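First comes the structure, then the notes that go with it.
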Number of protein chains: 2
Amino acid sequence: MRKDDHHFLSEEIVEEVSRTFKVLSDPTRIKILYLLSQEECNVNHIAEVLDVSQSAVSHQLAFLKSYRLVKARRQGKTIYYSCDDEHVIDLLKMTIDHIEHD
Amino acid sequence: MRKDDHHFLSEEIVEEVSRTFKVLSDPTRIKILYLLSQEECNVNHIAEVLDVSQSAVSHQLAFLKSYRLVKARRQGKTIYYSCDDEHVIDLLKMTIDHIEHD
DNA sequence: TTATCATATGAGCAATTATTCATATTTAAG
DNA sequence: CTTAAATATGAATAATTGCTCATATGATAA
(Lines give C-alpha, C1' and ligand atoms only; values in the text may rest on other atoms or scores of the structure.)
Protein backbone atom coordinates (compact mmCIF):
# COMPACT_ATOMS: atom_id res chain seq x y z
CA MET A 1 0.00 0.00 0.00
CA ARG A 2 1.36 3.43 -0.87
CA LYS A 3 1.76 5.99 1.84
CA ASP A 4 -0.97 8.15 0.33
CA ASP A 5 -3.47 5.30 0.31
CA HIS A 6 -3.51 4.76 4.05
CA HIS A 7 -6.23 5.94 6.29
CA PHE A 8 -4.38 7.95 8.89
CA LEU A 9 -5.43 9.03 12.30
CA SER A 10 -4.81 12.66 13.09
CA GLU A 11 -2.24 13.39 15.75
CA GLU A 12 -4.95 14.84 18.00
CA ILE A 13 -7.09 11.72 17.77
CA VAL A 14 -4.11 9.50 18.50
CA GLU A 15 -3.21 11.61 21.50
CA GLU A 16 -6.73 11.54 22.87
CA VAL A 17 -7.11 7.81 22.32
CA SER A 18 -3.85 7.15 24.11
CA ARG A 19 -4.88 9.41 26.98
CA THR A 20 -8.13 7.48 27.33
CA PHE A 21 -6.29 4.19 27.56
CA LYS A 22 -3.68 5.67 29.89
CA VAL A 23 -6.35 6.57 32.40
CA LEU A 24 -7.42 2.92 32.41
CA SER A 25 -3.91 1.53 32.58
CA ASP A 26 -3.43 1.82 36.32
CA PRO A 27 -4.65 -0.88 38.74
CA THR A 28 -5.72 1.60 41.42
CA ARG A 29 -7.73 3.67 38.97
CA ILE A 30 -9.35 0.53 37.56
CA LYS A 31 -10.40 -0.55 41.05
CA ILE A 32 -11.75 2.89 41.86
CA LEU A 33 -13.74 3.15 38.64
CA TYR A 34 -15.09 -0.35 38.99
CA LEU A 35 -16.14 0.33 42.56
CA LEU A 36 -17.79 3.61 41.57
CA SER A 37 -19.62 1.81 38.77
CA GLN A 38 -21.36 -0.16 41.52
CA GLU A 39 -22.13 2.67 43.90
CA GLU A 40 -21.43 6.25 44.75
CA CYS A 41 -18.68 6.34 47.40
CA ASN A 42 -16.91 8.77 49.65
CA VAL A 43 -13.14 8.95 49.72
CA ASN A 44 -12.51 7.09 52.96
CA HIS A 45 -14.84 4.30 51.95
CA ILE A 46 -12.91 3.82 48.73
CA ALA A 47 -9.63 3.84 50.64
CA GLU A 48 -10.85 1.24 53.11
CA VAL A 49 -12.56 -1.04 50.65
CA LEU A 50 -9.65 -1.04 48.23
CA ASP A 51 -6.95 -0.90 50.90
CA VAL A 52 -5.24 2.13 49.41
CA SER A 53 -4.15 5.17 51.41
CA GLN A 54 -6.52 8.11 51.66
CA SER A 55 -3.97 10.33 49.98
CA ALA A 56 -3.41 8.00 47.07
CA VAL A 57 -7.17 7.71 46.53
CA SER A 58 -7.60 11.45 46.68
CA HIS A 59 -4.81 12.00 44.17
CA GLN A 60 -6.32 9.48 41.77
CA LEU A 61 -9.79 10.94 42.18
CA ALA A 62 -8.43 14.38 41.33
CA PHE A 63 -6.82 12.83 38.26
CA LEU A 64 -10.02 11.06 37.23
CA LYS A 65 -12.03 14.21 37.83
CA SER A 66 -9.69 16.28 35.67
CA TYR A 67 -10.59 13.94 32.80
CA ARG A 68 -14.27 14.13 33.75
CA LEU A 69 -14.48 10.40 34.38
CA VAL A 70 -15.89 10.96 37.86
CA LYS A 71 -17.86 13.70 39.50
CA ALA A 72 -18.08 14.84 43.10
CA ARG A 73 -20.99 15.80 45.32
CA ARG A 74 -20.56 17.30 48.75
CA GLN A 75 -22.79 16.42 51.68
CA GLY A 76 -21.60 17.97 54.87
CA LYS A 77 -18.02 16.99 55.55
CA THR A 78 -18.23 14.10 53.16
CA ILE A 79 -17.64 14.14 49.42
CA TYR A 80 -19.30 11.47 47.35
CA TYR A 81 -17.80 10.43 44.04
CA SER A 82 -19.52 8.68 41.18
CA CYS A 83 -18.84 7.79 37.55
CA ASP A 84 -19.36 10.48 34.98
CA ASP A 85 -18.45 8.72 31.74
CA GLU A 86 -20.58 5.80 30.67
CA HIS A 87 -18.43 5.03 27.67
CA VAL A 88 -15.25 4.56 29.66
CA ILE A 89 -17.09 2.30 32.09
CA ASP A 90 -18.38 0.28 29.16
CA LEU A 91 -14.86 0.03 27.80
CA LEU A 92 -13.60 -1.14 31.18
CA LYS A 93 -16.37 -3.69 31.67
CA MET A 94 -15.98 -5.06 28.17
CA THR A 95 -12.29 -5.59 28.74
CA ILE A 96 -12.85 -7.20 32.13
CA ASP A 97 -15.41 -9.49 30.52
CA HIS A 98 -13.09 -10.43 27.74
CA ILE A 99 -10.26 -11.24 30.11
CA GLU A 100 -12.45 -13.14 32.57
CA HIS A 101 -13.75 -15.41 29.81
CA ASP A 102 -10.46 -15.43 27.99
CA MET B 1 -22.80 -0.94 50.73
CA ARG B 2 -20.83 -3.13 53.11
CA LYS B 3 -17.39 -4.25 52.15
CA ASP B 4 -18.55 -7.86 51.89
CA ASP B 5 -21.35 -6.97 49.50
CA HIS B 6 -19.15 -5.63 46.75
CA HIS B 7 -18.31 -7.52 43.66
CA PHE B 8 -14.55 -7.44 43.63
CA LEU B 9 -12.15 -8.00 40.82
CA SER B 10 -9.32 -10.36 41.61
CA GLU B 11 -5.86 -8.84 41.71
CA GLU B 12 -4.85 -10.92 38.68
CA ILE B 13 -7.76 -9.67 36.60
CA VAL B 14 -7.05 -6.08 37.56
CA GLU B 15 -3.40 -6.52 36.63
CA GLU B 16 -4.21 -8.05 33.28
CA VAL B 17 -6.82 -5.43 32.46
CA SER B 18 -4.38 -2.66 33.28
CA ARG B 19 -1.69 -4.31 31.16
CA THR B 20 -4.10 -4.46 28.23
CA PHE B 21 -4.85 -0.78 28.49
CA LYS B 22 -1.19 0.06 29.02
CA VAL B 23 -0.31 -1.50 25.69
CA LEU B 24 -2.84 0.81 24.07
CA SER B 25 -1.79 3.91 25.98
CA ASP B 26 1.15 4.89 23.79
CA PRO B 27 0.72 6.97 20.61
CA THR B 28 3.38 5.09 18.67
CA ARG B 29 1.87 1.71 19.51
CA ILE B 30 -1.59 2.95 18.58
CA LYS B 31 -0.33 4.13 15.20
CA ILE B 32 1.47 0.85 14.59
CA LEU B 33 -1.55 -1.26 15.53
CA TYR B 34 -3.89 0.88 13.49
CA LEU B 35 -1.59 0.65 10.49
CA LEU B 36 -1.27 -3.12 10.89
CA SER B 37 -5.04 -3.40 11.13
CA GLN B 38 -5.10 -2.10 7.53
CA GLU B 39 -2.31 -4.18 6.09
CA GLU B 40 0.58 -6.44 6.88
CA CYS B 41 3.76 -4.34 6.94
CA ASN B 42 7.49 -4.74 7.20
CA VAL B 43 9.46 -2.79 9.78
CA ASN B 44 10.95 -0.15 7.51
CA HIS B 45 7.60 0.54 5.91
CA ILE B 46 6.08 1.18 9.32
CA ALA B 47 8.97 3.45 10.23
CA GLU B 48 8.64 5.47 7.04
CA VAL B 49 4.88 5.73 6.99
CA LEU B 50 4.66 6.73 10.64
CA ASP B 51 7.86 8.77 10.67
CA VAL B 52 9.33 6.93 13.62
CA SER B 53 12.89 5.58 13.75
CA GLN B 54 13.54 1.99 12.74
CA SER B 55 14.85 1.24 16.20
CA ALA B 56 11.84 2.67 17.97
CA VAL B 57 9.50 0.69 15.72
CA SER B 58 11.45 -2.49 16.27
CA HIS B 59 11.39 -2.02 20.04
CA GLN B 60 7.65 -1.44 20.02
CA LEU B 61 7.04 -4.42 17.75
CA ALA B 62 9.02 -6.61 20.13
CA PHE B 63 6.87 -5.28 22.95
CA LEU B 64 3.64 -5.88 21.04
CA LYS B 65 4.81 -9.33 20.05
CA SER B 66 5.60 -10.25 23.65
CA TYR B 67 1.93 -9.61 24.41
CA ARG B 68 0.90 -11.53 21.29
CA LEU B 69 -0.82 -8.53 19.78
CA VAL B 70 1.16 -8.86 16.59
CA LYS B 71 2.83 -11.74 14.81
CA ALA B 72 5.81 -11.86 12.46
CA ARG B 73 6.44 -13.66 9.21
CA ARG B 74 9.82 -13.74 7.54
CA GLN B 75 10.26 -13.55 3.78
CA GLY B 76 13.89 -13.34 2.78
CA LYS B 77 15.52 -10.38 4.50
CA THR B 78 12.18 -8.82 5.26
CA ILE B 79 9.96 -9.46 8.24
CA TYR B 80 6.26 -8.77 7.86
CA TYR B 81 4.16 -7.95 10.88
CA SER B 82 0.42 -8.22 11.25
CA CYS B 83 -2.20 -8.04 13.99
CA ASP B 84 -2.75 -11.13 16.09
CA ASP B 85 -5.47 -10.04 18.52
CA GLU B 86 -8.83 -9.14 17.05
CA HIS B 87 -10.26 -8.12 20.38
CA VAL B 88 -7.62 -5.50 21.05
CA ILE B 89 -8.09 -4.10 17.55
CA ASP B 90 -11.83 -3.94 18.19
CA LEU B 91 -11.18 -2.14 21.45
CA LEU B 92 -8.91 0.33 19.69
CA LYS B 93 -11.32 0.97 16.82
CA MET B 94 -14.27 1.38 19.14
CA THR B 95 -12.38 3.98 21.12
CA ILE B 96 -11.23 5.80 18.01
CA ASP B 97 -14.82 5.81 16.79
CA HIS B 98 -16.11 7.14 20.05
CA ILE B 99 -13.58 9.94 20.14
CA GLU B 100 -14.01 10.86 16.48
CA HIS B 101 -17.76 11.26 16.94
CA ASP B 102 -17.41 12.60 20.42
C1' DT C 1 33.67 -15.28 1.77
C1' DT C 2 32.46 -10.53 1.77
C1' DA C 3 29.28 -6.85 1.38
C1' DT C 4 24.83 -5.17 2.10
C1' DC C 5 20.12 -4.84 3.42
C1' DA C 6 16.61 -5.55 7.05
C1' DT C 7 15.81 -6.04 11.65
C1' DA C 8 16.93 -6.70 16.60
C1' DT C 9 19.04 -5.54 20.84
C1' DG C 10 21.46 -3.49 24.89
C1' DA C 11 22.93 0.55 27.45
C1' DG C 12 21.96 5.04 28.76
C1' DC C 13 18.99 8.90 29.53
C1' DA C 14 15.19 12.10 30.10
C1' DA C 15 10.47 12.25 31.09
C1' DT C 16 6.49 10.57 33.34
C1' DT C 17 4.09 8.48 37.12
C1' DA C 18 2.09 6.46 41.47
C1' DT C 19 2.93 6.56 45.93
C1' DT C 20 4.15 8.40 50.63
C1' DC C 21 4.65 11.88 54.04
C1' DA C 22 3.52 16.07 55.95
C1' DT C 23 0.51 19.69 55.97
C1' DA C 24 -3.40 22.57 54.37
C1' DT C 25 -8.31 23.33 53.66
C1' DT C 26 -13.11 22.82 54.48
C1' DT C 27 -17.07 21.73 57.13
C1' DA C 28 -19.66 20.73 61.14
C1' DA C 29 -20.12 20.08 66.13
C1' DG C 30 -19.40 21.61 70.77
C1' DC D 1 -13.63 30.10 68.78
C1' DT D 2 -11.71 25.45 69.14
C1' DT D 3 -11.57 20.93 67.88
C1' DA D 4 -12.18 17.06 65.07
C1' DA D 5 -13.38 14.71 60.83
C1' DA D 6 -13.00 14.35 55.81
C1' DT D 7 -10.58 15.51 51.97
C1' DA D 8 -7.00 17.90 49.20
C1' DT D 9 -2.48 19.21 48.00
C1' DG D 10 2.61 19.89 47.38
C1' DA D 11 7.21 18.04 47.59
C1' DA D 12 10.05 14.17 47.31
C1' DT D 13 11.17 9.71 45.62
C1' DA D 14 11.49 5.29 43.40
C1' DA D 15 10.01 2.89 39.49
C1' DT D 16 8.70 2.64 34.80
C1' DT D 17 8.93 3.92 30.10
C1' DG D 18 9.98 5.33 25.27
C1' DC D 19 13.48 6.97 22.80
C1' DT D 20 18.35 7.34 20.78
C1' DC D 21 22.74 5.68 19.66
C1' DA D 22 25.73 2.20 18.63
C1' DT D 23 26.22 -2.33 17.50
C1' DA D 24 24.78 -7.13 16.68
C1' DT D 25 22.38 -10.66 14.11
C1' DG D 26 20.42 -12.83 10.16
C1' DA D 27 19.59 -13.42 5.22
C1' DT D 28 20.76 -12.77 0.51
C1' DA D 29 23.58 -11.63 -3.43
C1' DA D 30 27.95 -11.10 -5.66
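Since we're looking at a predicted model, the values are computed, not measured. A, B, ... follow the sequence lines: proteins, then strands. Residue 1 opens every chain.
Under 4.0 angstrom from either OP1 or OP2 of dG18(D) there lies at least one side-chain N or O belonging to Arg29(B). Between Thr28(B) and the phosphate of dC19(D), there is a side-chain N or O to OP1/OP2 separation shorter than 4.0 Å. Not one side-chain nitrogen or oxygen of Arg74(A) sits closer than 4.0 Å to the OP1 or OP2 atom of dT26(C). OP1 and OP2 of dA6(C) both lie 4.0 Å or more from every side-chain N or O belonging to Asn42(B). The phosphate of dT7(C) (OP1 or OP2) has a side-chain N or O of Asn44(B) nearer than 4.0 angstrom.
Between Val17(A) and Leu9(A) the shortest side-chain heavy-atom distance does not fall below 4.5 Å. Counting heavy atoms from C-beta outward, Thr95(A) and Leu91(B) have side chains that approach closer than 4.5 Å. You'll find the side chain of Arg19(B) reaches within 4.5 Å of the side chain of Glu15(B), heavy atoms only. Residues Ile79(A) and Asn42(A) have side chains not in contact (no heavy-atom distance under 4.5 Å, counting atoms from C-beta outward).
Summarising the geometry, the separation between NZ on Lys77(B) and P on dA30(D) is reported as 9 Å, rounded to the nearest angstrom. With rounding to whole Å, Asp26(A) atom CG is found 17 Å from dT16(C) atom P. When rounded to the nearest whole Å, the span between CD1 of Ile46(A) and C1' of dA8(D) equals 14 Å. In this entry the distance linking OH of Tyr81(A) with C1' of dA8(D) reads 8 Å, nearest Å. When the P atom of dT7(D) is taken as reference, atom CD1 of Ile32(A) falls 13 Å away, rounded to whole Å. The nearest whole Å value for the distance from the CD atom in Glu48(B) to the P atom in dT7(C) is 10 Å. Atoms CG (Leu61(A)) and C1' (dT19(C)) sit 15 Å apart, rounded to a whole Å. Regarding Ile30(A), its CD1 atom lies at a distance of 11 Å from the P atom of dA18(C), rounded to whole Å.
Criterion: ILVMFWY side-chain heavy atoms under 4.5 Å apart, direct or through other members. Under it, Ile99(B) and Ile30(B) are part of a common hydrophobic cluster.
Minimum atom distance to the side chain of Ala56(B) is reached by dC19(D), of the listed dC19(D), dT7(C), dT19(C). Comparing atom distances between the Gln60(B) side chain and each of dA6(D), dG18(D), dT7(C) picks out dG18(D) as nearest.
Ser58(A) places no side-chain N or O within 3.5 Å of a backbone atom of Ser55(A) that could act as its donor or acceptor partner.
Counting non-hydrogen atoms under 4.0 angstrom, Lys22(A) reaches the backbone sugars and phosphates but no base.
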Protein-proximity profile, nucleotides 9-15 of chain D, B/S/- by nucleotide at the 4.0 Å heavy-atom cutoff, equals BB-----

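Closest-nucleotide positions on DNA chain C for Phe63(A) and Gln75(A) were compared, and the one nearer the 5' end corresponds to Phe63(A). Mapping Val52(B) and Thr78(A) onto DNA chain D by nearest heavy atom places Thr78(A) at the nucleotide closer to the 5' end.
Salt bridge annotation for Lys22(B)-Glu16(B): absent, with no cationic side-chain nitrogen under 4.0 angstrom from a carboxylate oxygen.
Between atom OG of residue Ser18(B) and atom CG of residue Leu24(A) there is a gap of 10.0 Å, rounded to the nearest 0.5 Å.
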